[in-house]
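Chain letters run A, B, ... following the sequence lines, proteins first, then strands; residues in each count from 1.
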Protein chains: 2
Amino acid sequence: MRTMSRPVGLPVLAESDLVRQVARRLTDAIVQGRLPPGAKVAEAAVARELGISRAPVREAARLLESQGLLEASPRRGFFVRELSARDVDELYALRLCVERHAAVEAARRLTPEARDALRRQLDLMRDLARRDDPATIVEADYQFHRLICEAAGNARLLRLFDGLASELRIVIGLIGHLYDDPDEIARTHEPVLAAIEAGHPERIVAHVDHHIGVARREVVRLLEGLAPQSPASHSQTPESP
Amino acid sequence: MRTMSRPVGLPVLAESDLVRQVARRLTDAIVQGRLPPGAKVAEAAVARELGISRAPVREAARLLESQGLLEASPRRGFFVRELSARDVDELYALRLCVERHAAVEAARRLTPEARDALRRQLDLMRDLARRDDPATIVEADYQFHRLICEAAGNARLLRLFDGLASELRIVIGLIGHLYDDPDEIARTHEPVLAAIEAGHPERIVAHVDHHIGVARREVVRLLEGLAPQSPASHSQTPESP
DNA sequence: CAAGCCAAAAGTGTCGACAATCGACGCCTA
DNA sequence: TAGGCGTCGATTGTCGACACTTTTGGCTTG
C-alpha cells in the first residue's frame, strides 16, 4: 500500500517523460507551420536534433498519429497530415455538433466562476483584437471555445474538442489571420456568451450555429482557393436547423 | 509516372505491422474481460507471451492509451482504464450527441445501399436475438449504430464513434447480456431506422434520444450497483463468473 | 504481533545495433 | 532517347541491453 512516508517534496516533476516533450515539440512545429502539411517526419533526424534516441520519437509520433496530426505510412515513415477542404469541412461539422452540445450543457450548469472566466476571456479577445496579433488572437479564440466546453462539465467532451481543434490547427496556422476586421471576433463571440448566460437552448444553438458556420465557410473557402487540387464533389450542403 | 495500368486489384497484403497486431490483441483481451479494469499491462509479460520484443508492445500501449483503453502511469506502467459510473454517463452523453447528428445526416443522404445495409443488420439482430448469444448480439448492436455513422458520410464522425464505443466496450464486456428480453433489441432499434427512412429530423432525434437514453440509464444503473464507488481498485478480480 | 526498514527482484525508460525494405540513381537495352 | 532493371544509400521495424525506479518480500525492532 501507499505509505507515502516521503515529505511533500515531490512536485511530480517527472521530467523523465521524453515522449510527452517530443510530442509537444512536434505539435508546436506543426501548428506553427514549421512542419507544413505533407512534410516527412524522419525519426532519425528528429532524434538527432533533440539529442535523444529514436524510441521516444517513434512513440511520440504514434501519439500524434492517433490525434490526427501525423499520418503513418508503413515502411515509409510519418508525414504531417494533409487536410483537404473536405477534411476541414468534416471537422467543422463535428465541431458544430460538439459545441452545440457543450454550449447548451454549459448554460444548464453555469457556475459564477465559469461565467466570469468566459467574460474575462471575451474581454481579453477584445483587447487583443485592438493590437492585431493574429497568432495570439487565434489562441484566445481557441481558449474561449475551450472554456465553454470546460463549463459543460464533461471531461471527455473537452478531450474531444481538443482533438478536433488540434487537427484544425494544422491549417489554421497556415491561414494566418482569419479575421479581417479586428472587432469581428468580439462581435461574433459576444452573442454566444450572451445566449449562454440567458440560458435559452434555442438561442444558444442558433448563435453557435451562426458563429461556427461563418468560420466554417470562411476557412473552407480560403482552403479551396489555396489548394484547388481536389475538385472531388464535396458539396456538403449546409445543414439546416 | 502513370504506368499504373492496373486500377485496383489490391489484395491488401499481409500486414507486417506488429504494432497493429499487438494493439488488436490487447483490445480484444480488454473487451472480452480477460484484462479487467485496473489490471496492469506489463510490457515484458506481453512481449514474452507474444514472442516479440518490448518496443512494439510499448507503441501499441500508447495507441490504446490515446483511445482511452489504457492509462499510463509514469514509471509504473500501463493499466486497463477503470470507468466509474460517471465516466460511463459522460460517454453516453457524447454518444447521444454524436449519434443524433449521425442519424440526421444519414437520413439526409441515405443511399439505397446504406438503407439496405441497415435493414439487413436489423434482420441479423432479430435473428441473433432468438439464439440468445449475448456477445454476438452486442457486436451486432454496435455494428448497427456504426452503420448509421457510416451513412452520415463523415469519416471523422465514424472515428469519433469508434473511439467512444471502444471505451464503452471496457464495461460492456463486463456487464455481459444487457438485454433481458431477446426481442427488445429489435424493438428499440426498429423505430430508429424507420425514422431515418422517413427522414423527419425531429422524429429521428426523438427516437435516438429514447433508444440511447434507455441504454444509458440501464448501463449506469448496472454499473452503480456493481461498483459502489469503491476506491479499492486492485483486488477486484472479477474474472470468475 | 504490527510497523518500519533494507535488500533483492521486477519493470520501465532509454539507448545503440542490425536486418529488411523502400526510394533513387545510374546502367543497360531496344 | 526512352524505358526497364539492378544496385546503393537511407530509413524503418524490431531487438537485446543497461541504468534507474518501483515494488515486493523478508528481517529487524518496538
Practice problem: Examine C:dA10: is either OP1 or OP2 under 4.0 Å from a nitrogen or oxygen in the side chain of B:Lys40? Give yes or no. | Solution: no

Practice problem: Indicate yes or no: does A:Arg169 engage A:Glu139 in a salt bridge with an N to O separation below 4.0 Å. | Solution: yes

Practice problem: Please state how far atom CD in A:Glu65 lies from atom P in D:dG13, giving the value in whole angstrom units. | Solution: 10 Å

Self-check item: Whole angstrom value for the distance that separates C1' of D:dT11 from CZ of A:Phe79
Solution: 10 Å

Quiz item: For B:Leu69, does its backbone N or O pair with a side-chain atom of B:Glu167 as donor and acceptor, under 3.5 Å?
Solution: no

Quiz item: Could you give the CZ-to-P distance, from B:Arg62 to C:dG13, as a whole number of Å?
Solution: 7 Å

Quiz item: Expressed in angstrom and rounded to an integer, what is the separation of B:Arg20 atom CZ from D:dT14 atom C1'?
Solution: 16 Å

Quiz item: What orientation do B:His189 and B:His145 show, parallel under 30°, tilted 30 to 60°, or perpendicular over 60°?
Solution: perpendicular

Quiz item: Take atom CZ in B:Arg25; do more than 12 heavy atoms of anything else shown fall under 6.0 Å from it?
Solution: no

Quiz item: Quick one: A:Asp17 CG to D:dT21 P, roughly how many Å, whole number?
Solution: 15 Å

Practice problem: For A:Glu43 and for B:Gly51, find the nucleotide of DNA chain D with the closest heavy atom, then tell me which residue's nucleotide is more 5'. | Solution: A:Glu43

Quiz prompt | Per-nucleotide protein contact string for nucleotides 18-25 of chain C, where B marks a base within reach and S marks sugar-phosphate only (heavy atoms under 4.0 Å, - for neither) | solution = ---SSS--

Self-check item: Residues in ring pair (Phe, Tyr, Trp, His ring centres under 6.0 Å) contact with A:Phe79, at least two apart in sequence or another chain
Solution: none

Quiz item: What is the distance, rounded to the nearest whole Å, between atom CD1 of A:Ile52 and atom P of C:dG16?
Solution: 11 Å

Exercise. Run the salt-bridge test on A:Arg221 and A:Glu224 with the 4.0 Å N-O cut-off and return the result as yes or no.
Key: no

Quiz item: Among the nucleotides D:dT14, C:dT14, D:dT12, which one has an atom lying closest to any side-chain atom of B:Ser53?
Solution: D:dT14

Practice problem: Find the distance B:Leu50:CG to D:dC15:P and express it as a whole number of Å. | Solution: 10 Å

Quiz prompt | Closest to the B:Arg58 side chain, choosing from C:dG13, C:dG11, D:dT12 | solution = C:dG13

Self-check item: Nearest-Å distance for atom pair CZ/C1', residues B:Arg48 and C:dT12
Solution: 13 Å

Quiz item: Taking the nucleotide of DNA chain C with the closest heavy atom to each, which residue, B:Ala45 or B:Ala55, is nearer the 5' end?
Solution: B:Ala45

Quiz item: Does a side-chain N-to-carboxylate-O contact under 4.0 Å join A:Glu105 and A:Arg108?
Solution: yes

